[in-house]
Protein chains: 2
Amino acid sequence: MVDQTRALWFSGTMSNDLDTVFAALADPTRRTILAMLLEDDMAVTDVAEPFEMSLAAISKHLVILTKAGLISQEKRGRVKWCKLEPDALRAASVWMQGFGQFEPVNLDAFERFLEVELPTAEE
Amino acid sequence: MVDQTRALWFSGTMSNDLDTVFAALADPTRRTILAMLLEDDMAVTDVAEPFEMSLAAISKHLVILTKAGLISQEKRGRVKWCKLEPDALRAASVWMQGFGQFEPVNLDAFERFLEVELPTAEE
DNA sequence: GGTTTGGTCAACCATTTGGTTGAATATGCG
DNA sequence: CGCATATTCAACCAAATGGTTGACCAAACC
């Protein structure tokens with residue numbers, strides 16, 4: 001008999017967070033937003049600009065990202081700034097690492113990889 | 001102005017895979033199943049046993065996990081065996097690592113990632 | 001004060017998701 | 001053969017998701 005208790009605990013404990021984090025990450029628009037915020041904090045309007053959908057739609061996406069803890073929003077004046085909160089990915093990352101022996105990745109190489117491959121991605 | 005091109009490329013390229021993988025991981029039942037398979041391969045019926053839902057429901061979950069590449073299913077006789085495929089987590093894991101400088105650096109994992117060349121949707 | 005700008009809210013809509021049940025299809029067993 | 005076992009299929013359902021539009025509110029500008 002397999003030790004399912006451990007398995008169930010494993011997936012059960014941090015379920016709430018993982019649900020919302022993974023669900024947030026499952027949408028390409030939201031992943032793109034996160035990637036944009038990697039560069040710098042942005043106002044909601046500026047986040048919305050490159051997308052071909054309404055501001056309201058983006059606003060909803062930002063709510064979802066906020067609830068998942070993946071970004072934070074701070075209102076200064078009438079503009080609301082969005083800031084990446086990469087720590088929110090940690091639990092999910094750890095959970096995933098439980099499955100593979102693939103260790104963390106070389107960030108510098110990854111950056112270089114992005115720079116090099118970039119130009120082909122024009123649309 | 002921020003270099004959004006790169007950000008958009010970043011989130012755009014492996015979108016198809018990441019969509020299905022993250023969506024698959026967003027459900028606690030499916031995460032539990034993956035954790036169970038960490039222990040050993042299992043028949044569909046045995047996977048379903050600890051859950052309080054129909055076999056058909058579990059069968060659907062297994063289809064979703066299979067389409068995400070997170071498990072494989074092989075039919076031997078009349079029983080279909082489910083096997084964890086942790087490699088499918090790699091792209092998602094790498095994507096996430098792009099955000100947090102969580103951990104020290106390991107070049108090997110990244111090299112392997114590059115060599116694998118992302119699956120070109122077999123359908 | 002009146003008008004633009006930044007952003008959300010509310011109502012609505014189509015599609016997807018996660019579940020059910022009952023019938024159907026294999027495969028194995030005596 | 002006839003029956004039990006393993007699994008999927010099909011139809012259905014409720015709820016969640018991702019988008020729209022138009023009204024709304026708050027801050028900034030002249």
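Below, chains carry the letters A, B, ... as their sequence lines are ordered, and counting in each starts from 1.
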**Q** Closest heavy-atom contact between B/L18 and B/A92?
**A** CD2-CA, 3.5 Å

**Q** With nearest nucleotides of DNA chain C determined for A/K75 and B/A56 from heavy-atom distances, which residue corresponds to the more 5′ nucleotide?
**A** A/K75

**Q** Taking A/V44 as the fixed residue, which of A/Q73, A/E49, A/K75 is the one that meets the side-chain contact (heavy atoms from CB on, under 4.5 Å) rule?
**A** A/Q73

**Q** Roughly how many Å is it from CG in B/D19 to P in C/dT15, rounded to a whole number?
**A** 19 Å

**Q** Using atom CD1 of B/I33 as one end and atom P of C/dG18 as the other, report the distance to the nearest whole Å.
**A** 11 Å

**Q** So which atom in A/G98 and which in B/L38 form the shortest heavy-atom distance, rounded to 0.1 Å?
**A** O-CD2, 3.9 Å

**Q** What contact category does B/R76 fall into here, base, sugar-phosphate, or nothing, at under 4.0 angstrom with non-hydrogen atoms?
**A** nothing

**Q** Hey, which of these two, B/V63 or A/R30, hits DNA chain D nearer its 5' end, going by closest nucleotide?
**A** B/V63

**Q** Without decimals, in angstroms, what is the distance between A/R78 CZ and C/dT4 C1'?
**A** 7 Å

**Q** Using chain A heavy atoms and a threshold of under 4.0 Å, write down where along DNA chain D the contacts begin and end, 5' to 3'.
**A** D/dG18 to D/dA28

**Q** Can you see if the side chain of B/S54 gets near the phosphate of C/dG19 - specifically, an N or O under 4.0 Å from OP1 or OP2?
**A** no

**Q** I'd like to know if the side chain of B/R31 reaches the main chain of B/L25, judged simply by a donor and an acceptor atom lying under 3.5 Å from each other, with no hydrogens or angles considered.
**A** yes

**Q** What pair of heavy atoms forms the shortest contact from B/I71 to B/E85, and how long is it?
**A** C-CG, 3.7 Å

**Q** So which one's nearest nucleotide on DNA chain D is more toward 5', A/K60 or A/G77?
**A** A/K60

**Q** Rounded to whole Å, how long is the line connecting atom CD of B/E52 with atom P of C/dG18?
**A** 18 Å

**Q** I need the CG-C1' distance between A/L55 and C/dT4, as an integer number of Å.
**A** 15 Å

**Q** Quick one: does A/S59's side chain have a donor or acceptor within less than 3.5 Å of a partner on A/L55's backbone?
**A** no

**Q** In whole angstrom, give the distance that lies between atom CE of A/M53 and atom C1' of C/dT8.
**A** 17 Å

**Q** Is A/K80 close enough to C/dT8 that one of its side-chain N or O atoms is under 4.0 Å from OP1 or OP2 there?
**A** yes

**Q** I need the minimum non-hydrogen distance between B/A26 and A/A23, along with the two atoms involved.
**A** CB-N, 3.5 Å

